Every structure is written in structure tokens, then in C-alpha cells.
Amino acid sequence: MEIKSNKINGANAEIEATILRDEVDANIEKIAKELSKTANVQGFRKGKVPVAVVKKQYGEKLVEDAEAEALREVLSKGLDELGISNDSLIGEPTISKFDKSDDKIEVAVKVAMRPQIDLGDVKSLVPDFTKPEVTDEEVDARIKEIAEGQAPLVDIKRNRKMKEGDVAVIDFEGFIDGEAFEGGKGENFELTLGSGQFIPGFEEQLIGVKRDEEVTLPVSFPENYGAEALAGKAAEFKVKVNQIKVKDEVVVDDELAKKLLQGDEEASLEKLQAEVKKAIEQEKLAKLYNEELKPKLLETLVEKINFDLPEFVVEQEIDMALNKKASQMSEDEIKELRENADKLSELRETFRDDAIQSVKATFIIDALAQDMGIKVEEQEVMQTIYYEAMQMGQDPQKAYEQYKDAGYLPAIQMSMVEDRVLSTLLNEKIEA
């Protein structure tokens with residue numbers, strides 16, 4: 001067996017070999033002898049089956065197993081020559097050449113290794129930024145907003161015209177072409193004007209109406225309205241205003257603080273202001289991190305940290321992007337690509353740069369996570385999915401199973417690791 005090993009770069013290598021026919025035949029003989037000890041062949045006792053009978057019985061399968069054994073030997077010897085350990089490999093070796101003739105087999109096997117990444121002084125790549133400030137006016141406005149949310153609704157004392165923000169207590173019934181339609185009627189319904197709860201034009205026309213007035217509101221249902229029978233239709237709503245309510249006035253004081261900071265024996269307006277200020281700071285910081293700093297930092301890391309990428313991982317990323325694109329294409333467009341290999345290849349190459357950046361980012365985040373000791377356990381992924389499902393009113397267990405069956409859990413886990421790595425680097429910048 002002649003073997004020629006070539007380390008292409010820090011992440012890719014190729015092993016070429018010539019496997020002689022005699023070596024394959026020797027493997028066939030060895031495998032057949034082992035099989036003769038366990039094979040069940042009619043007319044022979046177990047363990048007493050002649051090798052010649054085994055060869056005849058298993059024919060082509062023996063040849064395939066013998067060639068596979070030779071390939072494993074090629075890979076083992078090639079990796080030894082290159083000084084590459086099995087645990088440094090990623091993915092399965094790829095057979096790029098398998099030319100079989102009467103007396104030999106010419107093979108080439110490509111392997112990929114986990115890249116060796118020199119992170120260098122990563123902290124120097126974290127951009128400078130200023131921690132967001134929160135003004136007293138913002139704190140007061142937020143507390144007022146919270147207080148108003150706690151305030152009860154009360155009837156207005158004088159019968160004035162309604163304005164945006166008022167709560168109209170109404171009876172209504174909708175008609176299309178003079179006929180009442182199903183689901184278009186309600187009594188003593190509380191509608192906050194300006195909330196956008198009803199279809200466009202409905203709430204706006206109630207502004208300026210007084211209590212006990214009856215009005216007819218011409219409106220049109222949106223083209224994309226959920227009920228197909230109503231979508232795009234012109235309609236009229238007969239409306240009677242029974243009451244007009246507003247939020248009762250609230251006093252921002254220690255008593256309000258005690259209501260909002262339940263369980264805190266030292267609750268006071270000053271403490272409430274401090275807690276609200278802290279919450280707004282975190283909101284602003286999260287917004288700054290997610291919309292500006294994290295994308296900028298990841299882009300910088302990808303640009304400044306250079307290393308060799310495993311070719312097959314990049315190709316897989318390109319294939320995923322291509323498949324996603326294909327899912328958005330028409331049957332005619334897909335047919336054209338199938339019939340035009342050059343056009344398919346050209347389209348495929350348009351995804352290469354983005355694929356390289358994505359794969360590079362993944363390896364960098366993985367290396368940083370290991371260096372920083374950051375992990376996200378499967379239990380955390382489950383809790384995150386459960387929480388988001390409950391927020392959206394979905395069945396948490398069902399949502400988790402759907403993500404799991406679709407194979408999305410590793411991607412979610414990696415996204416959480418990335419978020420934690422980038423947040424940690426940015427947090428350290430603040431603390432410094």
C-alpha cells in the first residue's frame with residue numbers, strides 16, 4: 001500500500017493511496033475466515049462452514065467490507081503520518097477519489113480538523129462605549145405610567161366629547177349591505193380610543209362623540225382581515241355610547257411605592273425611583289448591546305481573528321443557504337437550475353462569502369466560550385423555550401418537542417452561548 005499524505009492547511013488534509021488487489025484479497029480471506037465461525041448456512045453446522053462456501057454466499061458484500069477495511073487502514077496510516085489525532089477530526093472523512101481497476105484502487109480521502117485559533121488579546125477588540133444614562137424625568141415618567149396602569153377606571157363627571165385615551169363603553173352592531181353579520185355585535189364593550197383594537201377608522205370616528213349619543217360609522221375591513229368572508233368588505237356599525245371612562249388620578253408617593261414594592265418593609269418613593277432607574281438602565285443597555293454593540297463586536301472578531309476553516313463545514317453552510325433559497329423559488333426556477341449546472345453553480349457561489357463569515361463566527365464563539373468557561377446546558381435551552389412559549393400563550397412542552405423534532409436545539413443553544421460570550425466581553429468593558 002502506497003500512501004501520500006498532504007496537510008493542506010491548519011484545518012484540511014488529504015490522504016492519497018494505492019491499494020493493491022492482493023491487499024483487498026487478503027482482507028477478503030481474513031473476513032471470510034472470521035465469518036465462517038459465526039455464519040448460519042443451510043446444510044452446515046454453525047462454526048463449521050467452509051471458507052469457500054462463505055465466499056460464495058456473501059460474494060459482493062465481502063468485497064465491499066474488504067475495501068472498506070483497506071480504506072480504514074489508509075485513513076489510519078495517513079493520519080499517523082500527518083500527526084493528526086482522531087479526536088481533533090470534525091465530521092466524517094470524504095472520499096474524493098475511488099478509481100478501481102483490475103489490479104489496484106486509487107483513492108483520495110479528505111479530512112477536516114478543528115481549527116487552531118489564536119484568540120490573541122480579544123479584550124482589545126471590544127469597542128469603547130458609554131453606559132446609557134437615565135434622567136430623573138425618565139424615571140418620573142415611567143413611575144407615572146406604572147401608576148396609571150394601576151389606577152381604576154372612573155366615569156367622567158361631565159358629559160364632554162370623547163378624546164383619544166378615553167374608554168368608551170359601547171353597544172355596537174355591524175352591517176354589510178344592510179345585513180347584520182356574525183360576530184359583529186357587542187354590548188357594554190369597553191374600548192380604549194386610540195388602542196387600535198378595532199378595525200381602522202372605527203375608533204377615530206368615535207372621537208368627539210358624547211355619552212348617550214348614537215352614531216353610524218362607515219368602515220372597510222382590511223384586505224388581509226382574518227375572517228375571509230369580511231376581508232375587504234365595506235360595512236357600517238351602529239354604535240351607542242353608554243359611558244365614558246377615564247383613568248382615575250393617582251398620587252405618586254410612599255403609599256404607591258408600598259403597593260408596587262410589595263413585601264419590601266423599607267419600601268419608599270425614593271427606593272422605587274432607584275429600582276425603576278435600574279430597570280430603565282438595563283433596558284437601555286440591552287437595546288444598545290443587541291442593536292449595536294454585539295453585531296459590531298462579532299463583525300470585528302471575524303475580521304481580526306484569522307485561521308483556516310474546514311472546507312466541508314463551509315460547503316454545508318452554503319448548501320443550507322441554497323436549500324433555503326430554493327424553498328422560496330417557483331417550480332419553473334428550480335427546474336431551470338436542475339437543467340443548467342452552470343447556473344446552479346453560479347447561484348451556489350453567491351452564498352460563499354456569507355457562509356465563510358458565518359462558519360468563522362461559529363468557531364470563534366466556540367473557542368471564546370471554552371476559553372471563558374461559558375456553557376449553556378440543555379436544561380437552560382428547555383427553560384428558555386418554555387418561557388417564550390408561555391409568553392406567547394403556547395403549550396411549552398409542545399413547543400419544545402417541535403423545536404427538538406426539527407433539529408433546532410443545537411442552533412438555539414449556540415445562539416445562547418454567543419449571546420452570553422458577547423455580553424460577558426461587553427460587561428467586562430464597563431467594569432474596566
Side-chain angles (χ1 to χ4, degrees), residues 1-39 51-116 307-320 322-323 337-349 351-352 355-356 359 363:
M1 182 180 291
E2 298 176 12
I3 294 179
K4 179 184 175 184
S5 302
N6 175 34
K7 198 166 187 179
I8 300 169
N9 54 37
N12 302 279
E14 186 173 51
I15 303 165
E16 296 178 320
T18 300
I19 304 170
L20 300 177
R21 177 67 192 181
D22 290 345
E23 293 170 314
V24 175
D25 289 342
N27 284 345
I28 291 173
E29 194 70 25
K30 183 179 71 174
I31 296 170
K33 283 181 179 178
E34 289 298 317
L35 193 55
S36 69
K37 300 174 184 177
T38 57
V51 171
V53 173
V54 171
K55 288 181 180 179
K56 185 176 180 180
Q57 179 87 2
Y58 294 96
E60 191 59 34
K61 181 66 169 61
L62 281 177
V63 175
E64 291 174 4
D65 288 348
E67 290 173 351
E69 180 68 29
L71 277 172
R72 283 192 289 271
E73 188 178 353
V74 167
L75 180 62
S76 178
K77 289 184 176 180
L79 292 177
D80 285 344
E81 281 188 14
L82 293 167
I84 298 172
S85 61
N86 281 313
D87 58 6
S88 69
L89 297 179
I90 58 173
E92 294 293 328
T94 303
I95 300 173
S96 57
K97 177 183 176 183
F98 192 85
D99 294 340
K100 190 174 178 180
S101 60
D102 291 339
D103 60 340
K104 63 185 178 182
I105 305 173
E106 299 285 350
V107 299
V109 182
K110 287 186 175 180
V111 295
M113 296 86 73
R114 183 171 295 280
Q116 296 298 312
F307 54 94
D308 298 316
L309 293 175
E311 291 176 6
F312 93 92
V313 179
V314 174
E315 298 302 322
Q316 282 183 340
E317 189 73 15
I318 293 173
D319 288 339
M320 285 193 290
L322 183 61
N323 289 335
L337 289 176
R338 284 175 179 163
E339 295 173 353
N340 189 332
D342 290 340
K343 190 165 186 177
L344 176 60
S345 178
E346 185 180 324
L347 175 62
R348 195 174 184 280
E349 285 303 304
F351 300 110
R352 185 168 295 279
I356 289 172
V359 171
F363 278 114

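Computed from a predicted structure; not experimentally measured.
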Pick one: which of Arg21, Lys100, Lys97 meets side-chain contact (heavy atoms from CB on, under 4.5 Å) with Ile105?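 That would be Lys100.
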Does [X] reach the side chain of [Y], with side-chain heavy atoms less than 4.5 Å apart?
X: Leu322; Y: Leu344; answer: yes
X: Phe363; Y: Arg114; answer: yes
X: Tyr58; Y: Ile31; answer: no
X: Phe312; Y: Ile90; answer: yes

For Ser101 and Asp103, test the side chains for any donor-to-acceptor distance below 3.5 angstrom and give the result as yes or no.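 Distance-only check passes for Ser101 and Asp103.
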List the atom of [X], the atom of [Y], and the distance in Å for their closest heavy-atom pair.
X: Ser96; Y: Lys110; value: OG-CG, 4.0 Å
X: Ala11; Y: Asp308; value: CB-O, 3.5 Å
X: Ile15; Y: Leu79; value: CD1-N, 3.9 Å
X: Ile19; Y: Val24; value: CG2-CG2, 3.9 Å
X: Met113; Y: Pro310; value: O-CG, 3.6 Å

What is the distance from atom [atom1] of [X] to atom [atom2] of [Y], rounded to the nearest 0.5 Å?
X: Glu14; Y: Thr94; atom1: CD; atom2: OG1; answer: 10.5 Å
X: Ile95; Y: Leu71; atom1: CD1; atom2: CG; answer: 5.0 Å
X: Leu75; Y: Ile3; atom1: CG; atom2: CD1; answer: 9.5 Å
X: Thr18; Y: Asp99; atom1: OG1; atom2: CG; answer: 10.5 Å
X: Asn12; Y: Glu311; atom1: CG; atom2: CD; answer: 4.0 Å
X: Asn27; Y: Glu23; atom1: CG; atom2: CD; answer: 8.0 Å

Take Lys7 and Glu81 through the salt bridge (charged side-chain N to carboxylate O under 4.0 Å, His left out) test and state the conclusion after the steps. CA-CA 10 Å; Lys7 198 166 187 179; Glu81 281 188 14; over 6 Å; no
Step through the shown structure and confirm whether more than 12 heavy atoms of other residues, nucleotides or ligands are within 6.0 Å of [atom1] on [X].
X: Glu64; atom1: CD; result: yes
X: Glu339; atom1: CD; result: yes
X: Gln316; atom1: CD; result: yes

Please check: side-chain N/O of Ser345 versus main-chain N/O of Asp342, any donor-acceptor pairing under 3.5 Å? no
Glu69/Arg72 ion pair, N-O < 4.0 Å: yes
Check Glu29 with Lys55, please: is the shortest side-chain N to carboxylate O separation under 4.0 Å?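 Judged by the 4.0 Å cut-off on N to carboxylate O distance, Lys55 and Glu29 do form a salt bridge.
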Checking side chain to side chain contact (heavy atoms under 4.5 Å, CB included) for the pair Glu315/Arg348: CA distance, chi angles, key distance, verdict? CA-CA 10 Å; Glu315 298 302 322; Arg348 195 174 184 280; 2.8 Å; yes
Test salt bridge (charged side-chain N to carboxylate O under 4.0 Å, His left out) applied to Glu106 and Lys104, step by step: CA-CA 7 Å; Glu106 299 285 350; Lys104 63 185 178 182; 3.5 Å; yes
